[in-house]
Amino acid sequence: MSKWLRALVIVLLAASCGGGGSGSAPRNLDDACSILEQRRGYIQAFRAAERKWGVPVHVQMATIYQESKFIPDARTPLRFSLGVIPMGRQSSAFGYSQALDGTWKEYLAATGNRRARRDDIRDATDFMGWYMRASRDQLGIPLSDARRHYLAYHEGRTGYRNGTYNNKAWLMRVSAEVGDRSRIYEQQLARCRAAR
């Protein structure tokens, strides 16, 4: 095999392992201002969703942090049978918002945004705004309450209404962390706005 052909095969094999998207997250995810400085397009996406749906930027950011750590093509881990045979993913969750296939289809139908992609920050934030606005309307959760929105986001609105999260101590802990991160991001965003 020629060197050129061998190099082409290696490049194609390496490319096929990537999984699509850039896959990279911003550095220093504990600093909201740093995230927005590194990814200039994020703030426009967050603000657009805030204007359209009313969900504050810090609530969106805290939820995306928990769901995907800002990795555009994030997926749930693979499941294995007998410890070695891949049996598919734990769920169909994908992208920044970790939207499930079924819920994403509902969003596409409701908004008419047929070209939306879960690995696009603008579409992911619009999806989250749409979902959280519906949670506010159906469940009475204030749009600024990241903790309760995370519970409804994770369990679904029916699960939230039925209190399924009450039997999941780990989920209660995680939702509290989302609420704390949202407050921290809110304070950081106020400081970086004031510094400009």
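Computed from heavy atoms alone, side chains included, the values below leave out hydrogens, waters and symmetry copies.
- Separation of atoms SG (Cys33) and CG (Leu189) is listed at 5.5 Å; rounding is to 0.5 Å.
- Across Ala32 and Tyr185, no two heavy atoms sit closer than the pair CB-CD2, 3.5 Å.
- When atom types are taken as modelled, the side chain of Thr125 and the backbone of Ile121 share a donor-acceptor pair closer than 3.5 angstrom.
- For Ser34 and Gln38, the side-chain atoms include at least one donor-acceptor pair closer than 3.5 Å.
- Considering only residues two or more places apart in sequence or on other chains, Lys52 meets the salt bridge (charged side-chain N to carboxylate O under 4.0 Å, His left out) condition with Asp126.
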- Task: Decide side-chain contact (heavy atoms from CB on, under 4.5 Å) for Arg191 and Gln188; before the verdict, give the C-alpha distance in whole Å, the side-chain angles of both, and the deciding distance to 0.1 Å.
- Result: CA-CA 5 Å; Arg191 278 198 305 270; Gln188 292 171 341; 3.5 Å; yes

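- Across every non-hydrogen atom of Gln44 and Arg40, the tightest pair is OE1-O, 2.5 Å.
- Side-chain contact between His149 and Val178: absent, with no pair of heavy atoms (C-beta onward) separated by less than 4.5 Å.
- Within 6.0 Å of atom NZ in Lys69, more than 12 heavy atoms from other residues, nucleotides or ligands are found, so the atom counts as buried in its surroundings.
- A continuous path of ILVMFWY side-chain contacts below 4.5 Å connects Met128 to Leu143, so both sit in one hydrophobic cluster.
- Distance check: Thr158 OG1 to Gln138 CD gives 8.0 Å after rounding to the nearest 0.5 Å.
- In this structure, the side chains of His154 and Val174 stay at 4.5 Å or more apart for every pair of heavy atoms.
- Taking Pro142 as the reference, Ser144, Asp145, Arg148 meet the side-chain contact (heavy atoms from CB on, under 4.5 Å) condition, with sequence neighbours excluded.
- Sorted by first and then second residue, the pairs that involve residues 150-166 and meet salt bridge (charged side-chain N to carboxylate O under 4.0 Å, His left out), not counting sequence neighbours, are Glu155-Lys168.
- Two residues are said to be in side-chain contact when any heavy atoms from C-beta on lie closer than 4.5 Å; Leu100 and Arg118 fail this criterion.
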- Query: Stepwise, does the side-chain contact (heavy atoms from CB on, under 4.5 Å) test hold for Trp53 with Met132?
  - Reply: CA-CA 8 Å; Trp53 304 107; Met132 290 178 179; over 6 Å; no

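- Looking at Asn28 and Ile35, their side chains never come closer than 4.5 Å, going by heavy atoms from C-beta outward.
- Using modelled atom types, one side-chain atom of Asp123 and one backbone atom of Arg117 make a donor-acceptor pair closer than 3.5 Å.
- Not counting sequence neighbours, the partners of Tyr107 by the ring pair (Phe, Tyr, Trp, His ring centres under 6.0 Å) test are Trp104, Phe127, Trp130.
- Residue Ser182 holds its OG atom at 5.0 Å from NE2 of His58, rounded to the nearest 0.5 Å.
- Cluster annotation: Tyr65 is not connected to Tyr150 through the hydrophobic network of ILVMFWY side chains, with a link wherever side-chain heavy atoms come within less than 4.5 Å.
- With contacts defined as side-chain heavy-atom distances shorter than 4.5 Å, the pair Met61/Leu36 qualifies.
- Interatomic distance, CZ of Arg147 versus OG1 of Thr63, reported as 12.5 Å (0.5 Å rounding).
- In the hydrophobic cluster analysis, where Ile, Leu, Val, Met, Phe, Trp and Tyr join through side-chain heavy atoms closer than 4.5 angstrom, Ile43 is grouped together with Ile64.
- No donor-acceptor contact under 3.5 angstrom links the side chains of Gln98 and Tyr153, judged on distance only.
- Looking at Ile71 and Ser24, their side chains never come closer than 4.5 Å, going by heavy atoms from C-beta outward.
- Remark: Arg181 engages Asp30 in a salt bridge, criterion side-chain N to carboxylate O under 4.0 Å.
- Hydrophobic clustering, with ILVMFWY side chains joined whenever heavy atoms are under 4.5 angstrom apart, groups Tyr160 together with Leu171.
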- Give the intermediate values and the outcome of side-chain contact (heavy atoms from CB on, under 4.5 Å) for residues Phe46 and Val55. CA-CA 9 Å; Phe46 290 129; Val55 179; over 6 Å; no

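- The closest side-chain heavy-atom distance from Arg39 to Phe70 is not below 4.5 Å.
- In terms of heavy atoms, Ser68 sits closest to Gly95 at CB-O, 3.5 Å.
- Using a distance-only test at 3.5 Å, with no hydrogens or angles considered, a donor-acceptor pair links the side chain of Asn166 to the main chain of Gly163.
- Remark: Arg122 pairs with Asp120 by the salt bridge (charged side-chain N to carboxylate O under 4.0 Å, His left out) rule, at least two apart or across chains.
- Here Ala124 pairs with Tyr96, Ser97 under the side-chain contact (heavy atoms from CB on, under 4.5 Å) rule; sequence neighbours left out.
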